[in-house]
Asker: 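Input: one structure, supplied below.
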Amino acid sequence: MPATTVETPAAARMRNVHIAFGPREVVRGVDLDLVPGRVTALVGESGSGKSLTSLALMGLLPPGATVSAGTVEIEGRDTAGFTDAQWRRLRGAKVAMVFQDPMAALNPSFTVGWQIAETLRRRGTGRRAARERAVELMRTVGIPDAEAKYGAYPHEFSGGMRQRAVIAMALTLDPAVLLADEPTTALDVTVQAQILRLLAARQTDAGMAMLLVSHDLGVVARVAQDVAVMYAGRIVETGALDDVYTAPAHPYTRGLLDAVPDPARPGRLIPIEGQPPAPGGLPAGCAFAPRCPYATKVCGTEDPRLAAVGQGHEAACHHSDKVQAQATDVEAAS
Amino acid sequence: MSTTRTSPDALLHIQDLHAGYTVPGRSGLGRRRVDAVAGVDLTVRPGRTVCIVGESGCGKSTLARSVVGLLEPFAGSVSFAGLDLATAGRRERRRVAHDLQMVFQDPYTSLNPRMRVAEIVAEGWHIHRDVVAPAAHSAEVARLLDQVGLDASYATRRLHELSGGQCQRVSIARALALRPKLIVCDEAVSALDVSVRAQILNLLADLQRELGIAYLFISHDLDVVRHIADEVAVMYLGTIVERGTAAQVFESPRHPYTQALLKAAPSVHDRPGAAKDLPLTGEVPSPSSPPTGCRFRTRCPLAADICASEAPELRVRDGGDHPAACHFAG
């Protein structure tokens with residue numbers, strides 16, 4: 001990904017970002033470039049630090065968590081030392097977010113339309129104009145009968161319609177960056193497909209940069225062009241989605257892909273043995289080494305850094321050549 | 001003994017089951033039945049895995065709860081090992097209860113956080129006293145923990161010291177403790193991370209091979225279902241719309257809902273831009289006022305006049321090799 005930033009300036013950029021709860025570091029040096037017109041997926045399992053990474057882009061880290069090192073830039077502006085007021089001006093206008101649970105993102109006591117229009121009214125748009133724009137937004141996200149639904153409360157909406165309303169809210173001010181944290185995890189399969197299609201369409205139309213945070217490799221494959229895989233607070237592999245999925249160079253990425261049941265590979269699944277390390281209880285050397293089938297002596301002592309394994313494709317593994325060689329063997333054999 | 005004799009090889013036999021909940025009547029008087037499960041027939045044979053797939057509101061969890069006796073059905077019969085559970089007395093029910101266990105989606109809410117792992121696993125033995133002699137309890141707990149891949153030292157721990165995957169192993173050990181013939185798994189792996197999910201699915205497969213346990217496995221995850229199922233039943237709004245072997249349902253789906261579901265399911269082989277057709281619009285209607293005729297017709301790309309007037313039967317149609325409930329499945 002860093003390679004693409006040469007041509008297009010990143011809408012959001014993270015450099016060596018560390019996020020800590022007091023002395024416990026949960027994100028340990030993340031570089032990320034979100035480029036206009038592209039969808040980047042941040043993939044990882046629970047506890048990998050993917051959600052905190054996306055929250056740091058909104059200045060919305062939970063109480064006790066801070067960016068302890070590194071820089072977070074939005075459209076070239078360093079956000080270090082931003083006041084609450086500065087963050088508030090940025091949120092919605094430059095960076096907007098779609099959360100996992102639409103019911104938690106909507107206020108149950110106000111009508112859906114009013115909540116979408118509120119963002120505009122707070123920025124000085126007149127009541128009537130705000131209303132018209134809100135109805136128009138509701139229409140663009142596929143809420144049928146938008147004019148009538150303007151006055152409906154969130155409980156009168158189904159799960160899929162609520163998530164559409166939340167997307168409409170996020171799009172209100174034409175943000176440069178859209179963050180979507182597990183946007184379809186709470187939805188049914190057929191509705192999930194509708195929402196993914198909607199997100200991809202809006203993102204393309206608006207030329208936004210989008211960060212999709214997900215644990216679901218299939219969801220990611222449907223919308224993202226680039227992917228970054230996180231493990232124990234670090235990005236362990238990054239590159240174009242097709243490269244990472246077809247020729248994974250980190251054993252964790254490979255393990256995740258193998259652990260998904262696939263009709264092409266019947267029989268026993270290949271799980272990743274063991275558990276991810278607890279933050280603060282990281283092993284010496286590579287954090288994945290205790291679970292890694294490729295681990296050797298060097299992995300127990302030396303922490304691998306991201307290194308190029310292909311065009312725009314990087315992995316943090318001492319044995320990425322072996323991992324990739326084996327992946328191609330399997331592809332060839334099947 | 002009040003029994004409904006069914007085909008001798010059936011472990012679980014469900015016939016025309018109606019179950020759900022009641023809501024206040026339309027005029028505010030009395031209660032009105034809402035059939036979340038509206039006429040389901042299903043058979044599970046010993047040592048087999050039958051999967052029920054469907055989206056939220058299709059009645060799959062209501063079905064699971066009726067099978068294990070957590071919910072009393074409105075009508076129809078659930079018979080287990082030849083005993084009709086609806087008409088059986090308490091004592092008879094109890095006799096089969098330990099053969100029929102359940103694993104829930106969320107171990108943190110289905111297991112007691114105040115108990116130690118050993119107590120959770122051994123709890124059933126206090127009710128079913130003939131399963132394990134009291135003197136053998138701790139040895140048996142250690143054996144069960146080993147069987148589900150947990151070190152014996154976990155016996156003295158509490159749940160908050162365990163990860164999600166470890167907790168789900170405890171749920172499975174607890175279900176195994178009564179040596180069941182059938183385990184009902186309601187979204188048992190849905191809350192787990194991908195890598196841990198694979199560990200638990202392998203464990204379930206190993207246990208089936210070693211102990212001959214049958215599973216009634218309820219899931220919305222089609223990848224998982226395709227991997228573990230012998231037979232699949234697809235549910236939509238309270239009824240089974242298609243049934244067959246995993247190969248039949250996944251490779252030659254006949255019902256338009258099954259076809260749409262398979263297309264909508266994300267896969268690691270998908271790529272952006274190469275979007276597949278999206279024939280389904282809208283969402284599942286409420287089970288309190290289902291459409292007339294075919295329950296799927298409001299979202300169906302094939303819907304015609306006949307669909308509004310006549311509910312299609314679940315049967316094999318011309319050209320098909322397995323039953324589907326669609327007028328146009330032929």
Side-chain angles (χ1 to χ4, degrees), chain A residues 39 43-48 142 144 158-161 184 186-194 196-197 200-201 203-204 214-225 241-242 245-246 252 255-276 278 291, chain B residues 53-58 149 162-166 190-203 205-206 220-228 246-247 250-251 257 260-286 299:
Chain A
V39 180
V43 177
E45 298 183 287
S46 35
S48 62
S158 67
M161 284 302 146
T184 60
L187 305 174
D188 277 318
V189 180
T190 55
V191 180
Q192 165 172 278
Q194 296 167 7
L196 288 177
R197 171 169 285 208
Q203 180 269 335
T204 315
S214 182
H215 72 283
D216 189 323
L217 298 168
V219 165
V220 165
R222 201 164 266 197
V223 285
Q225 287 97 33
L241 181 118
D242 209 35
Y245 272 35
T246 51
Y252 178 64
L256 280 182
L257 289 164
D258 282 347
V260 178
D262 185 340
R265 289 182 282 109
R268 276 183 80 77
L269 296 170
I270 312 159
I272 303 173
E273 296 302 338
Q275 313 279 340
R291 304 176 73 186
Chain B
V53 293
E55 300 180 282
S56 45
C58 75
L162 273 56
S163 69
Q166 289 170 331
S190 306
L192 303 175
D193 272 322
V194 183
S195 67
V196 179
R197 187 179 72 184
Q199 295 173 6
I200 299 292
L201 289 173
N202 280 346
L203 171 65
D206 292 345
H220 70 279
D221 189 323
L222 296 165
D223 280 341
V224 168
V225 167
R226 186 169 196 174
H227 183 76
I228 64 159
F250 282 96
E251 278 156 37
Y257 176 64
L261 202 60
L262 292 178
K263 273 186 186 157
S267 142
V268 294
H269 303 298
D270 290 344
R271 287 297 177 268
K276 302 186 229 177
D277 295 335
L278 188 69
L280 274 202
T281 52
E283 295 175 34
V284 186
S286 161
R299 299 176 75 192

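Order of the sequence lines fixes the chain letters, A, B, ..., with proteins taken first and strands second; residue numbering starts at 1 for each chain.
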Asker: Among B:L261, B:D221, B:V268, B:N202, single out the residue with the greatest number of heavy-atom pairs under 4.5 Å to chain A.
Answerer: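 Max contact count across the listed options: B:N202.
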
Asker: If we ignore hydrogens and angles and just use 3.5 Å, is the side chain of B:D193 paired with the main-chain N or O of A:S46 as donor and acceptor?
Answerer: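 Side chain of B:D193 to backbone of A:S46: a pair is present.
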
Asker: Please report the shortest heavy-atom distance between A:A224 and B:P272, naming the atom on each side.
Answerer: O-CG, 3.1 Å

Asker: Could you grab the distance from atom CD of A:E45 to atom CZ of B:R197, nearest 0.5 Å is fine?
Answerer: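 Those atoms lie 10.0 Å apart.
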
Asker: Could you grab the distance from atom OG of B:S195 to atom CG of A:L269, nearest 0.5 Å is fine?
Answerer: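 With rounding to 0.5 Å, OG (B:S195) is 11.5 Å from CG (A:L269).
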
Asker: So, the side chain of A:R222 versus the backbone of B:A265: is there a donor-acceptor pair under 3.5 Å, distance only?
Answerer: yes

Asker: Within this structure, what is the NE2-OH distance for the pair B:H269 and A:Y245, rounded to the nearest 0.5 Å?
Answerer: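 Rounded to the nearest 0.5 Å, the NE2-OH separation comes out at 11.0 Å.
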
Asker: Identify which part of A:V223 has an atom lying under 4.5 Å from any heavy atom of chain B, answering side chain, backbone, both or neither.
Answerer: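 A:V223 touches chain B through backbone heavy atoms alone.
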
Asker: Distance-only, no hydrogens or angles: does the B:H227 side chain make a donor-acceptor pair with backbone N or O of A:G267 under 3.5 Å?
Answerer: yes

Asker: Does A:E273 have any salt bridge (Lys or Arg N to Asp or Glu O under 4.0 Å) partners at least two apart in sequence or in another chain, and if so, which?
Answerer: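 Not a single residue meets the salt bridge (Lys or Arg N to Asp or Glu O under 4.0 Å) criterion with A:E273.
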
Asker: Taking all non-hydrogen atoms of both residues into account, name the closest pair between B:P266 and A:V219 and its distance.
Answerer: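 It is CB-N, 3.6 Å.
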
Asker: Which atoms of B:S56 are under 4.5 Å from chain A, going by heavy atoms: the side chain, the backbone, both sets, or neither?
Answerer: both

Asker: Restricting to salt bridge (Lys or Arg N to Asp or Glu O under 4.0 Å), what partner residues turn up for B:E55, sequence neighbours left out?
Answerer: B:R299

Asker: Need one label for A:D242: side chain, backbone, both or neither, based on atoms under 4.5 Å from any heavy atom in chain B.
Answerer: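 Contact with chain B is through both the backbone and side chain of A:D242.
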
Asker: Let me confirm one number: the OG1-NE2 distance from A:T190 to B:H220, rounded to the nearest 0.5 Å.
Answerer: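 It comes to 11.5 Å.
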
Asker: Determine the option with the most heavy-atom pairs under 4.5 angstrom with chain A, choosing from B:I228, B:L201, B:L222, B:D206.
Answerer: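 Between B:I228, B:L201, B:L222, B:D206, the count favours B:D206.
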
Asker: I'd like to know if B:R226 pairs up with A:D262 as an ion pair, taking the criterion as any Lys NZ or Arg NE/NH1/NH2 lying under 4.0 Å from an Asp or Glu carboxylate oxygen.
Answerer: no

